Engineer: 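After the structure tokens below, expect a handful of questions from me.
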Amino acid sequence: MSTTKKKQGRTRAQESSSAIERMYITMRHLFNRGFYKPMGVSGETLREALLLLRPEIYGSIGEEKAELEGLLYVVDRLPQGIEECTFINLTSDEGYANSHFKAIIPPKRRRNCYRIDDEQMNIEITRGRSEIYDILTHLTFLFVESHKISKRVLIDEEGTTVRDWKKLEAAVLTTKKLTQVEREIAITHTANILGRTFNELTEAYPKFATEDQPERLLHIVYWLGKLAIEETINNNKRTITFSPVLRERLGHHIHGEIWADTIKSALHKNGLLERPIHIISANMHSVMNSLFAKGALKGADAKKDIFQTYEALSESKNGVLRNKVEKSALQNGMIHIKDTSGTNIDIQIFDTAKIDFSKSEFKYLEEHKDKKAVIFVMDYAFGEQAYETLDELLKPISVDEKDLHLDVKSISIMGKAGILEGGKSDVMIPTAHIFEGTADNYPFKNELTKDDLKDCGVSVYEGTMVTVLGTSLQNKEILKFFKNSTWNVIGLEMEGAHYQKAIQAASKVRNSINEDVKVRYAYYASDNPLETGGTLASGGLGTSGVKPTYVITKKILEQIFNS
């Protein structure tokens, strides 16, 4: 009995894993081809693979009823108004920033998008292939959902629609503001179209609303359905194109190189090039707050418990507090470089020789100023972009026609990841990264261990982490296989293997940096995709992410200062 069960379970994981592989090969092929129609023959492989996978994040994509949480997850990561567009054009950075077009930036993904006209949306790709995979997967989900809507509202091949659809259309196209009564009537009809309850829609409604579009959910459903009806009746298919410049530039590290050159010239200008450097990939606040919050906030602003201070700083309403800390940091050795290269990765450089450690949480053993560490913090990279940026950064710099190698002492990566045992805001310490869909594996000696964090008030897990091709492609069967097989996976993220590939190349093969560079990786859990309702689609971390972030930051900084 148990053996047959095991066999079936494994084949579902194997099926899923080959579906992911098929999606990647297809996406690369479509990219090389230059255009495709997601709901046409060319998009069929992608649709079928996604429906076979039924990833956790997209909930009920395989069922007849519409998926609301998945829809919210996707529209937060795509530009507002994309549901109205028949032509979606992925471009490189081609100068739209200097035009009259206004950049539309999705709330949960920093990327510039431009609405060219009623029918066309341009999305700028500056962060490499992972970004293309991310967008195409989300668009495939969106279009599959749109056809569910058209199936439910079309009565015949002439395009006659059900009464619910006509009522929704009237509510969306009206120019006047909807009253509560009119809104509830529209929700009733929409619930019917989506196969969901009135209650489910009322709950989801405010999550979709924006200030300039309070009825956004109705708007999205209407336009998705409308374009799907046009595809079905008039064969007027939506098209995704890739600009020639994007196809030519991709994979050439163009943005990564500009980004790295800007940083190295800033280090040179400030006389920091020959000092010991510690690189940290993290967010833009935890290192700065850990070093300066205690000294900058006095009186009522300073809480007894430092974590309460950090929580207060993380709340968006406390801009004044944050400005105080940032001002103090900028006066005491911090240099902030806002990204202009298109990588969307901002930088902070901390000259520890200028920091007064008596006002901080840390002790730094006195040493000669020329030997004091420079801490370099880079914002999170996205997927394969981690390789591009770190690879360029670790290359030697040419000064007075001589190659100068950076004295990189350590590289620390702190990020968010999905956890497979444990829950939101627990901490994972990886011992190796495996790359999904291959047997490529990157073992390393992690300077951070489970014991380092054992008394910090957070649960800590140690083991292998898998670097996935896209978080939105994982389903329970694959995750269970990762967790229960001898790969001993504790969590999944998108950058680890790419960072490690760049570190290994620079330190072991290309000799750009010290062979014995210290490496630290730690992740805090943003979600547990194995728990139903535990995926990223069920909402963010809120302030529960504050403690693990700062616990990890503190350990990384302590190790740097005590080394």
Side-chain angles (χ1 to χ4, degrees), residues 27 30-40 42-43 46 71 74-147 172-173 175 208 210-213 215-216 218-231 234-250 254-255 339-344 382:
M27 289 195 256
L30 295 171
F31 174 72
N32 290 333
R33 183 183 170 202
F35 74 97
Y36 80 106
K37 295 181 174 173
M39 298 316 283
S42 49
L46 274 188
L71 182 63
V74 166
V75 299
D76 274 350
R77 284 157 180 77
L78 291 172
Q80 193 169 345
I82 196 158
E83 68 279 355
E84 301 173 12
C85 298
T86 325
F87 298 94
I88 293 159
N89 188 18
L90 305 191
T91 71
S92 178
D93 177 358
E94 298 176 21
Y96 290 105
N98 314 321
S99 65
H100 75 280
F101 296 115
K102 188 173 172 300
I104 307 168
I105 298 168
K108 295 282 171 71
R109 280 272 190 273
R110 285 169 308 184
R111 47 172 76 115
N112 292 333
C113 311
Y114 300 94
R115 182 76 181 260
I116 304 301
D117 54 32
D118 287 349
E119 298 178 311
Q120 184 180 335
M121 179 73 77
N122 279 14
I123 302 178
E124 233 171 56
I125 305 289
T126 53
R127 303 173 76 167
R129 285 201 181 89
S130 299
E131 193 166 22
I132 295 177
Y133 301 152
D134 191 53
I135 290 167
L136 294 189
T137 315
H138 291 340
L139 289 173
T140 306
F141 163 81
L142 211 55
F143 294 168
V144 167
E145 288 293 306
S146 77
H147 273 254
V172 169
L173 298 181
T175 46
F208 284 86
T210 60
E211 269 179 49
D212 55 337
Q213 221 180 14
E215 322 297 342
R216 185 159 174 235
L218 299 182
H219 201 95
I220 290 170
V221 173
Y222 171 70
W223 279 97
L224 285 179
K226 181 178 161 64
L227 295 187
I229 290 168
E230 281 182 20
E231 285 188 332
N234 307 324
N235 208 15
N236 182 13
K237 296 224 181 310
R238 286 170 282 197
T239 307
I240 293 176
T241 50
F242 306 93
S243 83
V245 180
L246 174 65
R247 288 158 67 203
E248 180 192 316
R249 282 182 182 174
L250 198 78
I254 286 172
H255 300 286
D339 178 63
T340 51
S341 70
T343 57
N344 268 317
F382 186 68

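Here the structure is a predicted model, which means the values were calculated and not measured.
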Engineer: Before giving the answer on side-chain contact (heavy atoms from CB on, under 4.5 Å), spell out for Ile132 and Leu250 the whole-Å C-alpha distance, their side-chain angles and the decisive distance to 0.1 Å.
Structural biologist: CA-CA 10 Å; Ile132 295 177; Leu250 198 78; 4.0 Å; yes
Engineer: Should Val245 and Asp93 count as side-chain neighbours, where that means a heavy-atom distance under 4.5 Å?
Structural biologist: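 No; the side chains remain at least 4.5 Å from each other.
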Engineer: Just so I know, are the side chains of Gln120 and Asn89 near enough to count as touching, which here means a heavy-atom distance under 4.5 Å?
Structural biologist: yes
Engineer: Looking at OG1 of Thr241 and CG of Leu30, how far apart are the two atoms once the value is rounded to the nearest 0.5 Å?
Structural biologist: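 CG of Leu30 is found 12.5 Å from OG1 of Thr241.
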Engineer: Please round to the nearest 0.5 Å and tell me the distance separating atom OG1 of Thr210 and atom CD of Glu215.
Structural biologist: 10.0 Å
Engineer: If you apply the rule side-chain contact (heavy atoms from CB on, under 4.5 Å), what do you find for Asn112 with Thr126, and how did you get there?
Structural biologist: CA-CA 9 Å; Asn112 292 333; Thr126 53; over 6 Å; no
Engineer: One thing to verify: whether Lys37 and Glu231 come together as a salt bridge, which I'm taking to mean a side-chain N less than 4.0 angstrom from a carboxylate O.
Structural biologist: no
Engineer: Test Asp134 against every option in Arg109, Arg127, Arg129 by the salt bridge (Lys or Arg N to Asp or Glu O under 4.0 Å) rule and name the one that passes.
Structural biologist: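 That would be Arg109.
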Engineer: Which atom names give the shortest non-hydrogen contact between Leu136 and Thr140, and what distance separates them?
Structural biologist: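 Leu136 and Thr140 have their closest heavy atoms at O-OG1, 2.7 Å.
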Engineer: Taking side-chain hydrogen bond (donor to acceptor under 3.5 Å, both in side chains) as the criterion, tell me which of Glu94, Arg249, Glu248 meets it with Ser243.
Structural biologist: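 The residue from Glu94, Arg249, Glu248 that satisfies side-chain hydrogen bond (donor to acceptor under 3.5 Å, both in side chains) with Ser243 turns out to be Glu94.
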Engineer: Answer whether the closest heavy-atom distance between the side chains of Pro38 and Leu46 falls below 4.5 Å.
Structural biologist: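 Sidechains of Leu46 and Pro38: no contact.
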Engineer: Ignoring hydrogens, what is the shortest heavy-atom contact between Arg115 and Cys85? Give both atom names and the distance.
Structural biologist: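 Smallest heavy-atom distance, with atoms named: NE-SG, 3.5 Å.
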Engineer: Find out whether Glu131 and Ile135 are in side-chain contact, i.e. whether some heavy atom of one side chain is under 4.5 Å from a heavy atom of the other.
Structural biologist: yes
Engineer: Do you know the tightest heavy-atom contact between Ile125 and His255?
Structural biologist: O-NE2, 4.5 Å
Engineer: Of Asn122, Ile105, Ile123, which is the lone residue that meets side-chain contact (heavy atoms from CB on, under 4.5 Å) with Cys113?
Structural biologist: Ile123
Engineer: Within this structure, what is the CZ-CZ distance for the pair Phe242 and Arg33, rounded to the nearest 0.5 Å?
Structural biologist: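 If we round to the nearest 0.5 Å, Phe242:CZ and Arg33:CZ are 10.0 Å apart.
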Engineer: Which atoms form the tightest heavy-atom contact between Asp212 and Gln80, and what is the distance?
Structural biologist: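 Of all heavy-atom pairs spanning Asp212 and Gln80, the closest is OD1-NE2, 3.9 Å.
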Engineer: Where do Ile82 and Met121 come nearest, in terms of heavy atoms and distance?
Structural biologist: N-CE, 3.9 Å
Engineer: Please walk me through it: do Val74 and Glu145 pass side-chain contact (heavy atoms from CB on, under 4.5 Å)?
Structural biologist: CA-CA 11 Å; Val74 166; Glu145 288 293 306; over 6 Å; no
Engineer: Are His219 and Glu84 side-chain neighbours, meaning at least one heavy-atom pair lies under 4.5 Å?
Structural biologist: yes
Engineer: Find the distance between CH2 (Trp223) and CG (Leu218) and round it off to the nearest 0.5 Å.
Structural biologist: 14.0 Å
Engineer: Would one find more than 12 heavy atoms of other residues, nucleotides or ligands at under 6.0 Å from atom CG of Asp117?
Structural biologist: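 Check passes, neighbour count above 12.
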Engineer: Could you report the tightest heavy-atom contact between Met27 and Thr137, atom names first, then the distance?
Structural biologist: CE-OG1, 3.8 Å
Engineer: Report the distance from atom CG of Leu246 to atom CZ of Phe31, rounding to the nearest 0.5 Å.
Structural biologist: 4.5 Å
Engineer: Would you compute the distance between atom CE of Met39 and atom OG1 of Thr239 and round it to the nearest 0.5 angstrom?
Structural biologist: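 Going from CE on Met39 over to OG1 on Thr239, the span is 12.5 Å.
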Engineer: List the steps and the verdict of side-chain contact (heavy atoms from CB on, under 4.5 Å) for Glu124 and Tyr114.
Structural biologist: CA-CA 8 Å; Glu124 233 171 56; Tyr114 300 94; 3.3 Å; yes
Engineer: Would you call Phe208 and Val221 a side-chain contact if the rule is heavy atoms closer than 4.5 Å?
Structural biologist: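 Sidechains of Val221 and Phe208: no contact.
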